[in-house]
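Below is one structure; the comments refer to it alone.
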Amino acid sequence: MKTSKIISDLVRDNIKGIKPYSSARDEYKDVATTEMIFLDANENPFENGVNRYPDPQQNSVKDLLATIKNVSKENILLGNGSDEVLDLIFRAFCEPNKDNIITLPPTYGMYNVLANINAIENREVLLDENFQPKVSQILKTADNNSKILFLCSPNNPTGNSFTVPAVKELLIKFKGLVVLDEAYIDFSEEESWLQSLQKYPNLIVTQTLSKAYGLAGIRLGICYASIEIINILNTIKPPYNVNELTQQRAISRLKKMDEIDNEISQLKSERDRLKKELECCVDFIEKVYPSDGNFLLIKVDNATKRYNQLIELGVVIRNRTTQPLCENCLRISVGVCEENQKLLRALKSLV
Ligand SMILES: *Cc1c(COP(=O)(O)O)cnc(C)c1O
């Protein structure tokens, strides 16, 4: 495996030079001009639409994503949700009981869960009072075993994006990999960091079809990175990690970008309308934070009380009060117009 110095220094010793499982469909090279028959994978040959193993490299999905996102196909790896992608990154680069990662709470809970599962220390550096990264403190916290810095932008649950200078400085000065989780980028006016992959060899951008693309049920997460990093992750991924039904649904959805764009713009205008209504007309709401995502973080008088009251009225939101910097905060996903109306009516009825 050819890897540039910086990446090969970061990868775990046991992963270097590992030989991936070679599946039947990996070994078969598409060279024939006549019709082929496939007697290589011990499948049941009676056709039912999914009797064959799926494409281990998900070529058709990647072709569409490459065009839509204006990146090269070789810079893409797909997983069974972002969760699998993130787990692959841990397993490729973090040595259990030795290496550490840096996360910036309050943020997405999965980074910490994956760190625990993989026996990796999670060094937490809280965001500042504006929910921005404390760059110099992050750099002071890092040591030679700090393999990954997780930046979630727009951040869940705070909703804001991190400033360009802060991210740039971290990309330049942090010695490990920087994973930029852009799960909510399609709702944001800020630019994606995807076009900076060439410039920063330690950058990994993750996105997902679970949010703006409306396909949480099929589990499809996306990793964009240098070819070196993608090659390493490819050697350790389960061969058929994205199933045939998922690939089919992703393909048909990605061919209808106009539909997706239309839903995104509706959700953004609903978000902005909801924000105004919450600010003006619900007296126990102290603050509605700005959001680049499809959710709003609000500060209330008593988060747990309001959360329970809403459940009684059939409205389920997320209580974030135990998260650092989020005392008495609730996170509300933006619904369709009628759902948001029902939420507002419920909130206004509370005493
Ligand atoms: C929802 C979310 C994801 C998506 O995870 P999937 O496994 O792809 O569904 C990733 N990161 C963040 C910050 C999220 O909020």
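The first residue in the sequence is number 1, and the count goes up from there. Order of appearance sets the numbers: ligands from 1, and atoms from 1 within every ligand.
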Discussion item. Show me which atoms of ligand 1 lie under 4.0 Å from any heavy atom of Gly81.
Written reply: 7 (O), 8 (O)

Examine the side chains of [X] and [Y] and answer whether a donor and an acceptor come within less than 3.5 Å of each other.
X: Thr158; Y: Asn160; value: yes
X: Asn294; Y: Asp186; value: no
X: Asn202; Y: Lys175; value: no

Worksheet entry | Residue from Asp99, Asn100, Thr141 passing side chain to side chain donor-acceptor pair (under 3.5 Å) with Ser146 | Asn100

Nearest neighbour in protein (non-hydrogen) for [atom]:
atom: atom 15 (O) of ligand 1; value: Tyr184 OH, 2.6 Å
atom: atom 7 (O) of ligand 1; value: Arg219 NH2, 2.6 Å
atom: atom 9 (O) of ligand 1; value: Ser210 OG, 2.6 Å

Which part of [X] is near ligand 1, with near meaning a heavy atom under 4.0 Å away: side chain, backbone, both or neither?
X: Ala183; answer: side chain
X: Asp83; answer: both
X: Met110; answer: neither
X: Lys211; answer: side chain

Item to complete: Answer yes or no for Cys152: is there a heavy-atom contact with ligand 1 below 4.0 Å?
Response: yes

Fill in: NZ/NE/NH1/NH2 to OD/OE distance under 4.0 Å, Lys276 and Glu279
no

Worksheet entry | Carboxylate-amine/guanidinium proximity below 4.0 Å for Arg253 and Glu259 | yes

Worksheet item: Mind checking whether Phe93 and Phe90 have ring centres under 6.0 Å apart?
Response: no

Discussion item. Can you confirm whether or not the ring centre of Phe162 sits under 6.0 Å from the ring centre of Phe131?
Written reply: no

Worksheet item: Purely on distance, is any nitrogen or oxygen of Tyr111 under 3.5 Å from one on ligand 1?
Response: no

Fill in: Ile222, Asp181, Leu220, Thr208: member with heavy atom nearest to atom 10 (C) of ligand 1
Asp181

